[in-house]
Amino acid sequence: MPAISAKVPGKTILFGEHAVVYGYPAIAVPINSIHLKTTIIPLPGKSHEEIKFVDTNSGKELLLNDLNQGHTFKAALRTIQEGLSVNHFPSMEIRISSSIPSSAGLGSSAALAVALSRSVSSFLGFKLSEEKINQFAYEIEKHQHGTPSGIDNTVITYNQPVYYIKGRPPQFIQISNSFTLLIADSGLRTPTRDTVQYVRQSYERNRTEVEGILNQIGDISQKALTAMQGKDICTIGALMSSNHALLEKLGVSNEKLNNLVTAAQNSGAYGAKLCGGGRGGNIIAVVPPEAAESLKDELLNAGAVNCFVSTVYSNREGVKK
Ligand code: PMV
């Protein structure tokens, strides 16, 4: 068995996080300047089944047998094993390298789920469809996050901008013009599970008001789809800022994220918002390409611990209705 690798991008949610959990549309794009790669290397000659995980960033090694049942790696392999209906795995080393920061709203857990599903199944000789890989990754994400909408694993599996409604086939978006994003890290971290749970509790307590906010976010995603298919960068930016205001109303922003969003808006961005679960992680700003470097400095001055530029390119396929 030769070594097998899978390399997948990070992602960001341009519009609609949280609302997507309740069936409203959302838009996500792959971020190809960061990625996660898994490489499976056979370990022949082992007398018993040995599965070793190596984090090539830290050099840390873990044996599958030493992990508790709830560990992400163990849950992921169990899901893949059940999905493929194989009795056991051959001995193998699974090397993981990643430039996607973890718990930062940029898709690190979904990227791991997709890359493992793709590389392990391929290592075992299975040629799975993208749809199947996406399904496996979604199951793995459920172990991690409880009730994920599925948008993260979908955008990463297909590596295309996607208009997503939970439970429906993804619609791939034909973006007319590529555009430039600045992605700035607040340095704070709150697990997505916590903010999703917080929104759920507010929803149970105050359904009419929260539903009103989620509905407005859904409308924004719909309008953003049209703006992205046209060449309407100013509208994309304005919709992003409106989306941020609604996420703040929902209670998933915080002072640091608001400061970064305001700094971007005041320094020439078309618009900005938090992305992902919120209360930490990154903000995204859509910016004029020629202003990206100076805006980056503004955001670092405003307290971002890291900031990078990424281009969202148009994809090959049109929107599949
Ligand atoms: O924090 P992230 O990047 O995993 O994004 C979470 C997006 C939510 O809409 C809040 C949850 C979900 O499952 O879609």
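What's counted below: heavy atoms across the whole structure, side chains too, no hydrogens, waters or symmetry copies. Both ligands and their constituent atoms are indexed starting at 1 by order of listing.
- You'll find the side chain of Gln265 reaches within 4.5 Å of the side chain of Ser241, heavy atoms only.
- What sits closest to atom 7 (C) of ligand 1 on the protein, heavy atoms only, is Ile13 CD1, 3.6 Å.
- Here the side chains of Ile156 and Pro30 are not in contact, with every heavy-atom distance at 4.5 Å or above.
- The N/O atoms of Gly277, backbone and side chain alike, include one that comes under 3.5 Å of an N/O atom in ligand 1.
- When hydrogens are left out, the protein atom nearest atom 9 (O) of ligand 1 is His18 N, 2.9 Å; that is the closest non-hydrogen contact.
- Not a single donor-acceptor pair under 3.5 Å links the side chain of Tyr24 to the backbone N or O of Lys166.
- Taking the six-membered ring where tryptophan is involved, the planes of Phe73 and Phe53 are essentially parallel, since the angle between them stays under 30° and well short of 60°.
- Close approach of ligand 1 to Gly105 is summarised as follows: ligand atoms under 4.0 Å from at least one heavy atom of the residue are 1 (O), 3 (O).
- Taking distance alone, with nitrogen or oxygen atoms compared against 3.5 Å, Asp152 approaches ligand 1 more closely than that limit.
- Below 4.0 Å from some heavy atom of Pro148 lie the following atoms of ligand 1, by number and element: 13 (O).
- The shortest contact between atom 1 (O) of ligand 1 and any protein heavy atom is with Thr192 OG1, 2.6 Å.
- With sequence neighbours left out, Tyr198 forms a ring-ring contact (aromatic ring centres under 6.0 Å, His included) with no residue at all.
- The side chain to side chain contact (heavy atoms under 4.5 Å, CB included) test with Pro161 is passed by exactly one of Leu14, Leu225, Val29, Ile27: Val29.
- Set against the non-hydrogen atoms of Val20, the atoms of ligand 1 under 4.0 Å away are 9 (O), 14 (O).
- Regarding atom 3 (O) of ligand 1, its nearest protein heavy-atom neighbour is Lys11 NZ, 2.6 Å.
- What sits closest to atom 5 (O) of ligand 1 on the protein, heavy atoms only, is Gly276 CA, 3.5 Å.
- Here the side chains of Tyr203 and Leu214 are in contact, with some heavy-atom distance below 4.5 Å.
- Within the 4.5 Å cutoff, no side-chain heavy atoms of Leu182 are placed close to those of Phe308.
- The single protein non-hydrogen atom nearest to atom 14 (O) of ligand 1 is Ser149 OG, 2.5 Å, given as residue, atom name and distance.
- Nearest protein heavy-atom neighbour of atom 11 (C) of ligand 1: Val21 CG2, 3.8 Å.
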